[in-house]
Amino acid sequence: MHIANRTFIISGGASGLGLATVADLHSRGGYIAILDTNTDNGEKAVAELGAERVRFYECDITSTESIQAALDGIAAWIKETNAHIGALIPAAGVGFPGKLIDRKNQPIPLANLDFVLNINLRGVLDLIRLTLPLMTVSPPTAPDGERGVIVMVSSSAAFDGQPGQAAYAASKGAIRSLTLVLARDLAQYGIRAMSIAPSFFESSMTAAMSDKVRQSLMRVFEFPKRPGYGKDFAGMVRTCVENEMLNGECVRLDGATRMPSKM
Ligand SMILES: NC(=O)c1ccc[n+]([C@@H]2O[C@H](COP(=O)([O-])OP(=O)(O)OC[C@H]3O[C@@H](n4cnc5c(N)ncnc54)[C@H](O)[C@@H]3O)[C@@H](O)[C@H]2O)c1
């Protein structure tokens, strides 16, 4: 899929890995629709990149109505620009660490599990489900009839889940498992599906991590001996968008790091 003059829908695009992807695809001529709950950051991104090819839609991906309202706005924008959807990148995600049973023998509150699963899994599925009717009617590109690509965000937790990551690892493992199914289900429309599994990347999600954990992580990095940056992630998204043979796979983006059980 080419980037220029196509529209890219990016949930979680107001921060971190999503925002880096917004900037990268925009710099290559894409039209960008940011879907996020963070209005301040979303509007800041539009102000910085310019409103001509970037729109912010306040959207909570746990709400079907909120997603549909954003997609209605995007559909109207596409009518103006004639820039059909190139990719959907559902990057909004959260963590809420906690073991299923605590030291006082109390089970974790179900609300803590629901919070993670509703955003990282149910919300992603709902966003994909509701975006598909817009993607399947996009004009196919030559020579293979491609209509678009879905690039989801899994995590190293899908492979090497660490203590306290039950809900997060379950949600990201589900994204990984979903990738081939989507590729198979959507092949008839010329729509591909990929997922990316980053390890430790600098973002607001990881900014609160203690120095002790950061130092421990430095010991487990293979090469390069550093956290991933937004540009590393955005570059991988771009590769997934542009390389038509990438389909149905979850790509680890971790510099060979394998997360240990104990930090
Ligand atoms: N940073 C890492 O080390 C890392 C590693 C592996 C996977 N990931 C995944 O990458 C993705 C991006 O994470 P990040 O590190 O950039 O985090 P981030 O916190 O910087 O950005 C996440 C964005 O999602 C938005 N968001 C949260 N809940 C939402 C909702 N209900 N509806 C709409 N938007 C919502 C937030 O407002 C925020 O702008 C997530 O799916 C995360 O699980 C991150």
Side-chain angles (χ1 to χ4, degrees), residues 9-24 32-46 56-71 88-97 114-128 130-131 150-162 165 167-176 178 195-209 213-214 217 220-221 226-234 236-237 250-255 257-259 263:
I9 301 177
I10 307 177
S11 76
S15 172
L17 308 186
L19 180 60
T21 305
V22 165
D24 187 82
I32 315 293
I34 300 173
L35 274 56
D36 206 296
T37 46
N38 191 326
T39 312
D40 288 349
N41 279 1
E43 286 173 354
K44 194 169 151 220
V46 176
F56 171 66
Y57 300 87
E58 186 178 355
C59 173
D60 179 348
I61 64 158
T62 64
S63 156
T64 295
E65 294 73 28
S66 180
I67 295 174
Q68 192 57 62
L71 290 171
L88 166 65
I89 299 134
V94 291
F96 195 155
D114 283 343
F115 172 69
V116 174
L117 294 171
N118 281 341
I119 296 174
N120 293 7
L121 179 55
R122 186 181 179 279
V124 169
L125 277 170
D126 201 15
L127 177 59
I128 293 171
L130 294 172
T131 305
I150 298 168
V151 185
M152 299 176 289
V153 190
S154 179
S155 165
S156 55
F159 300 82
D160 336 307
Q162 294 184 289
Q165 285 189 329
Y168 187 75
S171 69
K172 295 301 182 179
I175 296 297
R176 176 189 171 195
L178 190 58
S195 54
I196 300 171
S199 56
F200 178 75
F201 273 58
E202 295 288 7
S203 76
S204 65
M205 183 184 265
T206 50
M209 215 164 251
V213 174
R214 282 176 177 270
L217 277 168
V220 298
F221 291 151
R226 63 166 176 83
Y229 301 134
K231 67 178 174 53
D232 302 315
F233 177 82
M236 193 65 226
V237 174
C250 179
V251 184
R252 295 187 71 139
L253 194 63
D254 57 18
T257 296
R258 297 293 176 266
M259 290 296 185
M263 300 298 288

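As a basis for the values below, the full set of heavy atoms in this structure was taken, side chains included, without hydrogen atoms, waters or symmetry mates. Remember, it's 1-based here, ligands and their atoms both numbered in the order they're listed.
Residue D60 has at least one heavy-atom neighbour below 4.0 Å for each of these atoms of ligand 1: 30 (C), 31 (N), 32 (N). Residue A91 has at least one heavy-atom neighbour below 4.0 Å for each of these atoms of ligand 1: 11 (C), 12 (C), 40 (C), 41 (O). When each atom of ligand 1 is checked for a heavy atom of F200 under 4.0 Å away, the hits are 3 (O). Numbered from 1 in the order shown, with element, the atoms of ligand 1 that lie under 4.0 Å from a heavy atom of G12 read 23 (C), 24 (O), 25 (C). Ligand 1 places these atoms under 4.0 Å from at least one heavy atom of A92: 24 (O), 26 (N), 34 (N), 35 (C), 41 (O). Those atoms of ligand 1 that come under 4.0 Å of a heavy atom in T206, given as number and element, are 1 (N), 2 (C), 3 (O). The contact set between ligand 1 and G16, taken as ligand atoms under 4.0 Å from a residue heavy atom, comprises 16 (O), 20 (O). In summary, the atoms of ligand 1 found under 4.0 Å from a heavy atom of C59, numbered by their order in the structure, are 32 (N), 33 (C).
Counting only distance, with no hydrogens or angles, the side chain of N38 and the backbone of A14 share no donor-acceptor pair below 3.5 Å. Looking at D160, its side chain does come within 3.5 Å of a backbone N or O of M259 through a donor-acceptor pair. With hydrogens and angles disregarded, no donor-acceptor distance shorter than 3.5 Å links the side chain of N118 to the backbone of G123. Side-chain atoms of S11 do not come within 3.5 Å of backbone N or O of L35 as any donor-acceptor pair. With hydrogens and angles disregarded, no donor-acceptor distance shorter than 3.5 Å links the side chain of S195 to the backbone of S154.
Closest to atom 15 (O) of ligand 1 among all protein heavy atoms lies S203 OG, 2.4 Å. The protein heavy atom nearest to atom 10 (O) of ligand 1 is V153 CG1, 3.3 Å. Here the heavy atom of the protein found nearest to atom 22 (C) of ligand 1 is G93 O, 4.0 Å. The nearest heavy-atom contact from the protein to atom 19 (O) of ligand 1 is S204 OG, 3.1 Å. Here the protein heavy atom with the shortest distance to atom 37 (O) of ligand 1 is D36 OD1, 2.6 Å. At the shortest separation from atom 6 (C) of ligand 1 among protein heavy atoms lies P198 O, 3.3 Å. The protein non-hydrogen atom at the shortest distance from atom 32 (N) of ligand 1 is I61 N, 3.0 Å. Here the protein heavy atom with the shortest distance to atom 3 (O) of ligand 1 is F201 N, 2.7 Å.
Looking at I89, L253, V94 and measuring to atom 27 (C) of ligand 1, the nearest heavy atom belongs to V94. Nearest to atom 28 (N) of ligand 1 by heavy-atom distance, out of T39, I34, I119, is I119.
Assignment of P227 to the shell around ligand 1 is not supported, since no heavy atom sits closer than 4.0 Å. Under a 4.0 Å heavy-atom criterion, S199 is in contact with ligand 1. Residue-ligand proximity: E202 is placed with every non-hydrogen atom at 4.0 Å or more from ligand 1. Assignment of F233 to the shell around ligand 1 is not supported, since no heavy atom sits closer than 4.0 Å.
Any N or O atom pair closer than 3.5 Å counts here, and S15 shares at least one such pair with ligand 1. On a distance-only criterion, L17 and ligand 1 share at least one N/O pair closer than 3.5 Å. Taking only nitrogen or oxygen atoms, main chain and side chain alike, S154 does not reach within less than 3.5 Å of ligand 1. For the pair S155 and ligand 1, the shortest N or O to N or O distance does not fall below 3.5 Å.
Tested against I196 for a side-chain contact (heavy atoms from CB on, under 4.5 Å), the candidates V153, L17, V151 yield a single pass: V151.
Residues meeting the side-chain hydrogen bond (donor to acceptor under 3.5 Å, both in side chains) test with S15, sequence neighbours left out: S204.
The minimum heavy-atom distance between G18 and I10, with the atom names listed, is O-CG2, 3.9 Å. When all heavy atoms are compared, the tightest approach of A157 to Q165 is CB-OE1, 3.5 Å. Taking each heavy atom of C250 and A197 in turn, the nearest pair found is SG-CB, 3.9 Å.
Side-chain contact, D126 with T64: a donor N or O sits under 3.5 Å from an acceptor N or O.
Using a 4.5 Å heavy-atom threshold, the side chains of L88 and L127 count as touching.
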Would L117 and R122 count as a side chain to side chain contact (heavy atoms under 4.5 Å, CB included) if you check the C-alpha gap in whole Å, the side-chain angles of each, and the deciding distance to 0.1 Å? CA-CA 6 Å; L117 294 171; R122 186 181 179 279; over 6 Å; no
Take E202 and R214 through the test salt bridge (charged side-chain N to carboxylate O under 4.0 Å, His left out) and record every step on the way to the result. CA-CA 11 Å; E202 295 288 7; R214 282 176 177 270; 3.1 Å; yes
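For residues 10-23, no residue pair satisfies the salt bridge (charged side-chain N to carboxylate O under 4.0 Å, His left out) rule, not counting sequence neighbours.
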